[in-house]
Structure formats: structure tokens, C-alpha cells
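Please read the structure below before turning to the comments.
We use all heavy atoms of the structure for the numbers below, so side chains are in, but hydrogens, waters and symmetry mates are not. Lettering of chains follows the sequences in order, A, B, ..., and the numbering in each one begins at 1.
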Amino acid sequence: MREKYNHAKIERKWQRRWNEEKLFAAPGAAGPDKRYVLDMFPYPSAQGLHVGHPEGYTASDIVSRYFRMKGFPVLHPMGFDSFGLPAENYAIKTGTHPAVTTAKNIRNMRKQIKSLGFSYDWDREVITSDPSYYQWTQWIFLQLFKHGLAYESYAPINWCPSCKTGLANEEVVAGTCERCGTEVTKKSIKQWLVKITDERYIERLLHGLDKLDWPENIKLLQKNWIGRSEGAEVDFSVAPHPRVLAATTNPSKVVRFKKLLASIGTAPDLVTPADEHIKTIEVHEDGNLRENAEAKARAYFGKTKLPVLAVDTGLYIDGETHDPAMVRRTALGGKDESQLSRKQIMEHIIRHYSSVAKKHGGKVNAYWIDCFALVTPDGTVRFAEARRDIILTDTLHKPVDPHFPMRSLYINVATNKRPVDETEHEEVNIELKPVKDALSKLLCPVIRVFTTRPDTLFGATYMVLSPEHELVGSITTPDQKQAVEKYQTSAAKKSDLDRTDLAKEKTGVFTGAYAINPVNGAKIPIWIADYVLRSYGTGAIMAVPAHDERDAFFAEKYHLKFRHVILPKTYSQTQHYWEIFAHDAEITTQEAFRYDYQQICEGKEVPFAYTGEGTMINSGKYDGMDSVEFKKVITAWLQRQGKGKTAVNYKLRDWVFSRQRYWGEPIPIVHCEKCGHVAVPEKHLPVKLPNVKKYKPTGTGESPLAAIATWVNVKCPQCGGPAKRETNTMPQWAGSNWYWLRYCDPHNDKKLADPEKLKQWLPVDLYIGGAEHAVLHLLYARFIYKFLCDIEVIPKEFVKKNGDEPFIKLKNQGLILGEDGQKMSKSRGNVVNPDDVIKKFGADAMRMYEMFMGPFEDVKPWNTKGLIGMTRFLDRVWEWSLFLIEWYKDNPQAKNLHHGIVRQLHITIKKISEDIENFKFNTAIAQLMTYIKKVIVVNGQSYEGQSLLKREEFEIFLKLMSPFAPHIAEELWERLGHQKSIMYEQWPLYDEAKVQDEQVKFVVQVNGKVRDIVIARPDATVDQVRALALKSPKVRKYVATEPKKVVFVPGRLINFVV
RNA sequence: GCCGCGGUGGCGGAACUGGUAUACGCGCAGGACUUAAAAUCCUGUGUCCGCAAGGGCUUGUGGGUUCGACUCCCACCCGCGGCACCA
């Protein structure tokens, strides 16, 4: 009775030996022909390893071992991506600090990974939550900050109410949180963003994909995520209407003001404002308003004499402008005004009135006047744009009231009695230009739209602004104001999911304003609707219902006009089409239906919106032109007129980089009252995450770190004054977007990595991991790598030679489903635990089974029966091998007994080598099985008693199997008497001549149907094969007469056509 | 809706560049060994007709190209993944 195969014992033995001998340490010096084989490092979860992990790890291990045996220097490292939400949530649930659970999880997972016998160089392990690592993550952030690629913003972002943190766009899946599935809402809080959309990078991120050996679908996913579209930006002027108000202390300034307006009126792209569009208020120096304008002015400014001018901040409260001195006194409650900044004073005032209003159940109607211009007595213009939204939001912790009462331009003329406070206003330009710009914005706002279809410009019959568009307030006419504001409020309340859920039924409101179509001067209504997104393009569109489905639905609902400008080329009844449209360019929806578009546009389901190309109609002198051609022509025309230009837009948004959570890298920034954002000096890195007891998310948008006063309050590194640390932490992706660089030089405490070492190993030759990272990790990592190339962390000459893409080849492992064909989950109870599998069947069986399940990149269900089949195979190999080892002792000169066996070996070497390179591990293993079957069983007889193989041939077999089942191969190799590990043995080579057989089966077909098979030499000629074939009675049966034609494929087939 | 991937025995899957469809594994059936069972080994196994020899049919469906189609083309159906009013 031979020894049974004891996987537990053998695997333990070899794992220990490999580890002790540091067999898999990457060599110090790698030549140009190195191989960097990388796995996506795991998140150390409490659940430990999932069966999906070993799938990828086994594949990378097979390839690494294969490369080593091929003689390449191999870097094959592993680490842990250990910052992130699950650890923190788990910590909150169990009351254990995330650092503790993370360390424990890492220990467990490291043990699990090691128990599979992967050939990682563990001395290079990196752990992202380790300060010696995240010091460099923070360092990278500082470089981004210093290069203007990290900035703070108040813009509304995706907020997960369950995780209580902001999310990047990439982390939102169908309107829900990628991690927990909770519906994502919008929240306006201060956020750090990384400018991944920067023009220096976005095109490179897009075009870099072309060169990569990545799965096409992943490349496409990234491409679509970046979402580049080419088109044009077109400016539509808003038709003016009276709404402008100006004030001055000096009647003579009115003249100046009017002059100013006149000069604006002459600007080419603006409609000259007529007198009736401008209301001026003349104000005497004594504070009295001039009688003819007084009534109008009172309506805006209230009863007081000159308060607006005196309250130079432009505060307007509760429908009345208050005496500034009194307001301040009350609000400040005795505080010394001279000690406070202007902003602080305003905050006090707003808070005060906010509480007053609360008491009375009303609301505060306070706002800043939007544009603020100061004209000093000597004629200098100082200009500042008040940032109303920001200050109000910041102070009141709530969104700005969209019922902002009005917009006005406010010109404050400083007198000699009240000198201008230099510190309060940013000096923009001593020319009149800024004032002009501000005025022109107000007088004749221009709505800029982005369109990919400038060829349909003549068909624009209305415009739509997104409800959040900043021009909505100023263009809305008084009679539409209420409706518009109501719509804005309801749109603001909707989550993204609501907005997209209602995709079919579009809603909107007319603003009362009209715009002028730049190509034909047509006056078209301006609407607001939430089907237009503020975040894409310019937040405004020109609507062409005749050639855009969305616009068509909207126009249909609100009875807006259709104007057809493109005639489908395929449309045969041109005459009919002309009858309808050429003579009746603009028609209503009802008419559109009456004309039965279904027929006209060839039965398309949304017939009234033809979105294809064609011939221009209803487009003035351009009628008859091809629409593709016209697109270029009209864009050029717009450009010449200064009314538009070619433009490119992207779907990609900047990357929200701060998380309001504890367990992440602190953002190394200090907020100083005087100096603003100050980078923590590099020598002070890492900014360590304080060890605290309370790390629950606050939910208010503040990080839990904000509560730790001792940590938060620091001295400004620049001026030494009081300052506060940034309390947000970085997202999970921060640590993972550069970790493969650290593997090259993991213990360097002076630099992120030694450039020489980076040069040695970069780029990553093969990267293996899940496809779920297509637009998260893989996009971020590419961006950061490009940035690090630009700032020469990666040596310049290296980048020049090797490009700025980090991962040359990418493979995604397919998801492993549960035995029931469903996704593995605890609730379904179909989760397979790798530990159990290893314990029961062994690491080699598990590795081989996972590789044998099916194509590496496919989704495939787990099947324990299949695993049993694999152990059967390994047992059989083991037993047979022990027999051979014994046998060779007695028969050292053993010869192989069958001629075909040699050929089988060469076929096997060839097949397995090629399959490993092509990631076809399943068929490689099938070939191992086929081979074994062929050498064990011949003509129905089992191997017992004789060897069909020479010793060298058996050794080759062990080498071929060693990347797949390294433990068993190593053990057998040793038992054959070898001292050195099989892992650095030379990979076997095959002889193509020996792969070929001397006898080949020729398929004999008659009329394409297989009738027989004949044996001949592979180089047999047509005549030889034909003669052979015709001898067969099976063939002759069908070929009675001379065949009409004979098709011959050398070495394969002959086909008689009769 | 759009984009991508896929559909082959009872199941996981294989098939070069258009050339024997169903390799390999699982399962199943029969046999050997055994007092018996398990394990192991051997044989068979797409499907229909037939005692057999043999023949028909078969790669989601329907067409087409070809001497010959899982493979190429057209239309459709189904499944999976991604995006989702992106102007």
C-alpha cells in the first residue's frame, strides 16, 4: 500500500520552506526583461478571504512562476488596502478601534493568503493605514495641492445618509451608494476635490487607453465614463427687459453711467439696451432721492434715505434695508466692531436676524447684492462680486433661499467724506471693463449652451436652463417669478434618483424671458426644466424638438413649436415632406401629429424627432447643404461672429476627495484665518490619525476628527497664528492609487520610492483584479501616475521611453457565484469559505479547481463536485508518481515505450505554455489531465507494473504542473532526489517537429457531409488523398460519378462535390 | 433607451485563420475488485429512428454567403454587465 497524498502536511512543509529560503524575493537588480506581476491588493475585511480572491491570485501566481522558470526577474508583491469604511463601521458596531480590528484582519488574511502557497515577496508588503505608508499618500496630496490640482469647494456633492459621508461620482451606482446601497442625496458642504478633469490630464486619460492591453470592455467603460463629446458652444442673448437699477450719490454720475451702458451697447454680441430698459435713480449727496425716480426706487430700497449706500455690504433684511449702524449694534451685542472682520460682522447680523425671524415664525430675507462696484471720486473703479451663496450657506448651514428677491447692480460712489476702505474690495482693473462686464451680464445676459448638433441651430424653438442655473433669477419676469421659484424649490428637493426615475415625464416652467437665436434672430422662449443638468456642459441647452427626442417629448407636453431643419436622406417622399415643412417651418405638436410623422420618418417610434443626418432645410441660405458639412460651416460662422466656437465636453467630474469619516488618511492642510489653506510642511508628515475613542460619523458634514480640539487646533505653519487642521480624511482610493510604486522600494523613509528602483520594475506588466474597479481605482490610479510622471517622481527619461501608463496589461477575473448560481452572500447562505476548502481538499486542489472552472474572465458557479474531481486527479498523479519514482530506482535507464507518448509530451508543453500566456488556464489543466490519462492508461490497461515515460519526461511533466499545483510538484521533485526547488528549474521547451505526427486523419466529406476518415501523411497531395478516399465504400456510396469539384485542405480534409 | 459581453449535451465548459461540434471535468449507466458498501479502476454516454449495419437531426430563432458555418453577414428572441435625461 503506497503512501496516501497528505495535502495538509505537504503544503505546510513547502510553504514553510519557501518562506525560510525567501525563494520568491524579487531580485535586487532587474534587467529590461523583468516582469512585474501585480494583484489588486485586498481590503482586510473581518470576513477574511473570499473564494474570488484566490482566483485572481492563483492566475497571477501561475504566471509569476511561469516567468521565473522562463528566467525572468519577477516582482510579485502583496499588501493590504486597509483604510476605509467597513473597518470603521465594524469598529462602531463592536466598540473596537478600527486600528485594532484592521491589524487583526490583516493577520488573518495574510495567513489565509499564505496558506494557498502564492509566491509573493512578503518582504515588500505595504499596508496603506501604516503611517510610514500614508505619509507618502499625504505627500502626494500636497503635491496635487501645490500644483493647483486639489482645491476646496462648496458645490453640492453626492451624500450617503447611511455612511454619512460624501462620495465621488464614481462611487454612486444608479443613484445609490456603491458600498451600502442607500439612496444618495445631494448635500452642499465644503469638500476637497481633485481636478481629474484638468485639461492637462483628461485627454491623456482618454487616449492613453488606446495603447493598453486591457479588456476592451474596461477600456470602453472608462471611455464612456470620461464621456467626451465634441460640438459647439453657442451664445444666445437674452432679449432685454426693464430690470436694471442703478444708484449714485451724484447726479453727474448718471451721465457717466449712461455712457457706460452705451459703450456696452456697442459691443458686438450684445443687444443695445434701450432707455426703457434702464432705470436710474439719482441720489443727492444729502441723501434724498430725486423725485421722478423716487417712487420706483422706494419699491426697491424702502423708505430710508440713503441706507443702501451706507450699508456698503449691501445687506437687505426682511424686505427692508436697515440702518446699518443700528443693525450692527444690535447684532453684535456689544462686541467691539473694530476687532471683527467684515465677514464676521455680517455673520453676526445674519445670525441675529435669523433668530429674530424664527421667533416670529417668519424667515429672514437677507442677501448680498450680486455685483458690487465702487467708483471713487477720482474716477477709479473698484469691483467686487459678492459671493452671496457661499457666505450665507456657510453662516447659516443651510442652502441659500432660492427665493432670492432680486438682482441689481449697485454702484456706490464713495465721497471724500467716506473714503474707500482699500482692504474691502479687490481691485480688479482700473479700466471700466469689469463694470462693463458686470453690467452687460445684467443687462443682456448671454446664455451659453453646449450642443453636439450645431447643425440643428435653425431648428431651436426654445431654450432650457437647469433650475439651478445662475441666470434664472435675473431673467425671470415678475409674472413668472412665483412659478419659477416654486419649480426650483421642488427640483432642489428631489434626489438624483427621483430626477432620473421620472425620466419619462419631463417637467418645466416658462421663465417669461426670451432669447435671440444667433443664426436667424428668432425670439425663442426660455424655460427651466430638470431634464437639463447643471453639471453637464453649460447647464443650458438650445432645444430642437424636431431633432432631439427629449426636446420632442418636452415640446409635445408644453405645446412648443417644432421646426424641422434636416431632411432624412433616406426619405423617398421628399415632395410630401417639403409640402409640410418648407412652407410651414414652425408647427405645433398638434399639427405635427396631424401630419403623421410616423409615415414621414419611416415608422420610428419617436417619429417627430429625427436624430440622424440629412439635408438642410428651413435653414436660410444653407438649405440643401449636407448636415454633416453644415455642422462645420455654421460653427465657423459662429466663431467669426463671436457668438460661438467649437467645444469639447466631458461627463467626467472632478473627484470628490474628502470623506467625513475617521478611518482614513488625514488631509495634510491647515486652515489659517490669515493665510487661508496652508500645506503642512513636508517635514511634518505624516499627519498621524489621532488615536481616539469617538470616531462615529457626525452626519452634519463634519468629520469626527473635528471634535478633537487638541488635534485640530494648531499653529499656522506659515504665520504662526492660530489655525485649525483640516478634519476630513481621504477616500479609500487615496492609498490604492499609487501602492504599486511603493512595492518597488517599500522601506524607503526619504522618498516615496528611489527613482532607480522605480526604473527597475515599472511599469506593471500584468495587473489582475476585479472588473468592478473599472472606473474607480483604475481611473484614479492612472491619473495619479500621470501626475507623478509630470512632477518627475517617476524619472523623466523613463517616462519618455515607457510612457505614462502604469498598467500595461490588465486581466479581470470573473465573479465566482455560489453553488446555486446566485451571487454569494451571507443571507443566501451560499458562501464558500476558502479555509474550509483548503482544509478539506488542500491548496493545490483549490488552486487547480478555480483555474479549471472555466475561462478566467467569465462569471462561473462554484461546484463542490468539480472540486472533488480535481482531488481525484491529484490523487491519481500522486500515486502514479510514487510508482514512477520507485520504478526509476530499479530502472534508471528506462525508455519510453510508446512512440506517440513523445508527441503527446510536446503537444502538452506547447499547449500549456501557450495557454498560460493567453490566460487559458482551464484548457491548460485539461491538457495536463489528457496527458496523464494517455501515459497512465494505454489500450485500456493501467500503468501498473511499467513506466511509459523516461525519467526526464516525467520531470518535464512535474515542471509543467508546478505553477498550478506547486506543493505537490515540489514534493515529488524532491522525492525524485533533487536538492533544489523546482521553482527555478528551466521551463520545458517543445520541438515543433515532434508535435507534428507522421500520420494524419483526413476528413472525407461528400457535399460537405462527413462520410469517412482516411489516414495519410500530413503532406499528402490531393491525388493521394483522393485515391485513398475513393477506396472507402462509405465514400463510394455517395460518389457514384465523377465529382464536379474537389476541395482539398492539406493535412486536414477532402470534400467531393457531386 | 444606449453601449458592451454572451446563448454549444443533464451540468461547468472545449473547438486553430470557416474544415471530424461536444476535448477536459462533473453527473449518469454498465462492468471489475469486495461478503457488502465506500474508495479505486475499466467501458459507455448529444438526440431521434433502427435488433443491427446504418441513417436523419443538432451550437437561442429565422434567413443569407460558402463545397463546407458554433465561427462570417442580416433580422429577431433571451440572459448578464455597465451607463442612464450627458444636450
Side-chain angles (χ1 to χ4, degrees), chain A residues 173-175 215-221 223-225 227-229 231 449-453 456 464 466 496 499-504 506 529-533 535-544 548-551 553-554 605-606 649-652 771-772 774-775 814-815 821 849 852-855 857-870 872-873 875-876 879 914 920 922-931 933 936-937 940-942 944 1001-1013 1034 1037 1043-1049 1051-1058:
Chain A
V173 178
E216 283 305 315
N217 62 325
I218 297 286
K219 290 207 261 183
L220 208 70
L221 237 50
K223 205 178 147 192
N224 292 343
W225 191 263
R228 183 183 202 274
S229 351
V449 303
F450 172 73
T451 177
T452 53
R453 295 296 304 274
T456 62
V464 187
S466 72
D496 261 17
R499 262 168 97 149
T500 50
D501 259 5
L502 298 168
K504 294 292 160 219
K506 299 193 196 318
D530 65 7
Y531 81 92
V532 173
L533 309 173
S535 55
Y536 184 79
T538 60
I541 60 158
M542 62 174 208
V544 186
D548 182 285
E549 285 191 11
R550 293 155 300 176
D551 299 341
F553 281 120
F554 192 80
E605 215 172 293
V606 186
N649 251 293
Y650 303 90
K651 284 202 253 183
L652 187 70
E772 68 274 18
V775 290
L815 193 67
Y849 170 64
F852 187 62
M853 286 168 82
E857 307 199 75
D858 283 12
V859 179
K860 39 209 176 274
W862 184 268
N863 178 7
T864 304
K865 284 274 173 56
L867 190 54
I868 292 169
M870 192 54 73
R872 220 175 266 167
F873 169 73
D875 282 342
R876 184 193 269 207
E879 248 197 76
E914 287 174 358
K920 292 166 75 175
N922 55 333
T923 50
I925 291 171
Q927 183 59 38
L928 279 174
M929 292 172 164
T930 308
Y931 181 67
K933 218 156 88 169
I936 293 184
V937 183
Q941 287 205 309
S942 192
E944 286 296 342
K1001 289 175 187 167
F1002 277 82
V1003 173
V1004 184
Q1005 295 181 336
V1006 179
N1007 287 339
K1009 282 197 194 293
V1010 181
R1011 293 302 173 186
D1012 203 0
I1013 282 157
K1034 288 183 194 168
K1037 194 169 147 193
K1044 272 186 229 157
K1045 192 176 163 190
V1046 177
V1047 180
F1048 180 71
V1049 182
R1052 273 195 187 278
L1053 151 151
I1054 188 159
N1055 186 11
F1056 298 100
V1057 185
V1058 292

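The CG atom of A:D551 sits 7 Å away from the C1' atom of B:A87 (whole-angstrom rounding). Regarding A:N1007, its CG atom lies at a distance of 11 Å from the P atom of B:A69, rounded to whole Å. Atoms CG (A:L221) and P (B:C5) sit 12 Å apart, rounded to a whole Å. Look at CH2 on A:W225: it is 19 Å from P on B:C3, rounded to the nearest Å. Remark: C1' of B:C83 and OH of A:Y536 are 14 Å apart, rounded to the nearest angstrom. Straight-line distance from the NZ atom of A:K1037 to the P atom of B:A53: 13 Å, rounded to whole Å. Residue A:E772 contributes atom CD, which lies 20 Å from atom P of B:C5 at whole-angstrom precision. Here the P atom of nucleotide B:A87 and the CZ atom of A:F553 are 17 Å apart, to the nearest Å.
Closest approach to the A:L533 side chain among B:A87, B:C42, B:G54 is made by B:A87 (side chain taken as heavy atoms from C-beta onward). Checked against B:C42, B:A87, B:C3, the side chain of A:T452 finds its nearest nucleotide in B:A87. You'll find that the side chain of A:K651 is closest to B:C83, out of B:C83, B:A23, B:G19. Here B:A21 is the nucleotide among B:A21, B:C85, B:C24 with the atom lying nearest to any side-chain atom of A:V1010. Relative to the side chain of A:A926, the nucleotides B:C3, B:A87, B:A23 differ in distance, and B:A23 lies closest.
For B:C57, one of the phosphate oxygens OP1 or OP2 lies less than 4.0 angstrom from a side-chain nitrogen or oxygen of A:K1009. In this model, the phosphate group of B:C26 is approached by a side-chain N or O of A:R872 to a distance below 4.0 Å at OP1 or OP2. Here A:K1045 reaches the OP1 or OP2 of B:C67: one of its side-chain N or O atoms lies under 4.0 Å away. Within the 4.0 Å cut-off from OP1 or OP2 of B:G25, at least one side-chain nitrogen or oxygen of A:K933 is found.
As judged by a 4.0 angstrom heavy-atom cut-off over every strand, A:K865 is placed among residues touching the sugar-phosphate backbone only. Here A:R1011 lies in heavy-atom contact (under 4.0 Å) with sugar-phosphate atoms only. Residue contacts shown for A:L220 are limited to sugar-phosphate atoms, with no base heavy atom under 4.0 Å away. Residue A:N217 is in sugar-phosphate contact alone, with no base atom involved, counting any heavy-atom pair closer than 4.0 Å across all strands shown. At the heavy-atom level, A:G869 lies under 4.0 Å from the strands shown only through sugar-phosphate atoms. Among the heavy atoms of the strands, none lies under 4.0 Å from A:K223. Among the atoms of the strands shown, base atoms are found under 4.0 Å from some heavy atom of A:V1049. Within 4.0 Å (heavy atoms only), A:I1013 reaches at least one base atom of the nucleic acid.
Rounded to the nearest 0.5 Å, atoms CD1 (A:I1054) and CZ (A:F1002) are 8.5 Å apart. Here A:L652 contributes atom CG and A:Y536 contributes atom OH; the two are 11.5 Å apart, rounded to the nearest 0.5 Å. Here the straight-line distance linking atom CD1 of A:I1013 with atom CG of A:L1053 works out to 10.5 Å at 0.5 Å rounding. Rounded to the nearest 0.5 Å, atoms NZ (A:K1037) and CG (A:D1012) are 11.0 Å apart. How far CZ of A:F873 is from CD1 of A:I925: 8.5 Å, rounded to the nearest 0.5 Å.
On the P atoms, B:G7 is 30 Å away from B:A29, given to the nearest whole Å. Between the C1' atoms of B:G50 and B:G54, the separation comes to 8 Å (whole Å). Taking atom P in both B:G19 and B:U43, the straight-line distance is 30 Å, to the nearest Å. Comparing B:A32 with B:C26, their C1' atoms are spaced 22 Å from each other, to the whole Å. Comparing the C1' positions of B:G10 and B:G63 gives an interatomic distance of 31 Å, to the nearest angstrom. Comparing B:C42 with B:C78, their C1' atoms are spaced 42 Å from each other, to the whole Å. Between the P atoms of B:U71 and B:U8, the separation comes to 14 Å (whole Å). As rounded to the nearest Å, B:G79 and B:G25 have C1' atoms that lie 25 Å from one another.
Nucleotide B:U35 forms a pair with no other nucleotide shown, judged by Watson-Crick or G-U wobble geometry with both contacts under 3.5 Å. In this structure, B:U59 makes no Watson-Crick or G-U wobble pair, since no nucleotide meets both defining distances under 3.5 angstrom. Base pairing of B:C5 is made with B:G79, judged by Watson-Crick or G-U wobble geometry with both donor-acceptor distances under 3.5 Å. Nucleotide B:A23 has no partner under the Watson-Crick or G-U criteria, as no pair reaches both atom distances under 3.5 Å. Base pairing of B:U65: no nucleotide in any strand meets the Watson-Crick or G-U wobble criterion (both distances under 3.5 Å). Base pairing of B:G44: its partner is B:C28, meeting the Watson-Crick or G-U wobble criterion (both donor-acceptor distances under 3.5 Å).
Atom NZ of A:K223 sits in a sparse spot, with 12 or fewer heavy atoms from other residues, nucleotides or ligands closer than 6.0 Å.
In terms of polar N and O atoms assigned as donor or acceptor, the side chain of A:Q1005 comes within less than 3.5 Å of the base of B:G19 in a complementary pairing.
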If you restrict it to nitrogen or oxygen atoms, what contacts under 3.5 Å exist between nucleotides 10-17 of chain B and the protein, and what is each distance?
| unit_1 | atom_1 | unit_2 | atom_2 | d |
| --- | --- | --- | --- | --- |
| B:G12 | O2' | A:M853 | O | 2.7 |
| B:A14 | OP1 | A:N922 | ND2 | 3.0 |
| B:A15 | OP1 | A:K920 | NZ | 3.1 |
| B:C16 | O2 | A:R1052 | NH2 | 2.8 |
| B:C16 | N3 | A:R1052 | NH2 | 2.8 |

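Every residue was checked against the ring-ring contact (aromatic ring centres under 6.0 Å, His included) condition with A:W225, not counting sequence neighbours, and none meets it. For the salt bridge (charged side-chain N to carboxylate O under 4.0 Å, His left out) test, residues two or more places apart in sequence or in another chain that qualify with A:E857 are A:K811.
For the pair A:K1034 and A:R1011, the tightest heavy-atom approach, listed with the atom from each and the gap, is CD-O, 3.7 Å. Closest of all the heavy-atom pairs between A:N1055 and A:N1007 is OD1-N, 3.4 Å.
Here B:G9 is in the syn range [glycosidic angle within 90° of 0].
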query = Given A:L815 and A:E772, is the side chain to side chain contact (heavy atoms under 4.5 Å, CB included) satisfied, shown in steps?
reply = CA-CA 10 Å; A:L815 193 67; A:E772 68 274 18; over 6 Å; no
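When the nearest nucleotides of RNA chain B are assigned to A:G1008 and A:K1001 by heavy-atom distance, the more 5′-ward of the two goes with A:K1001.
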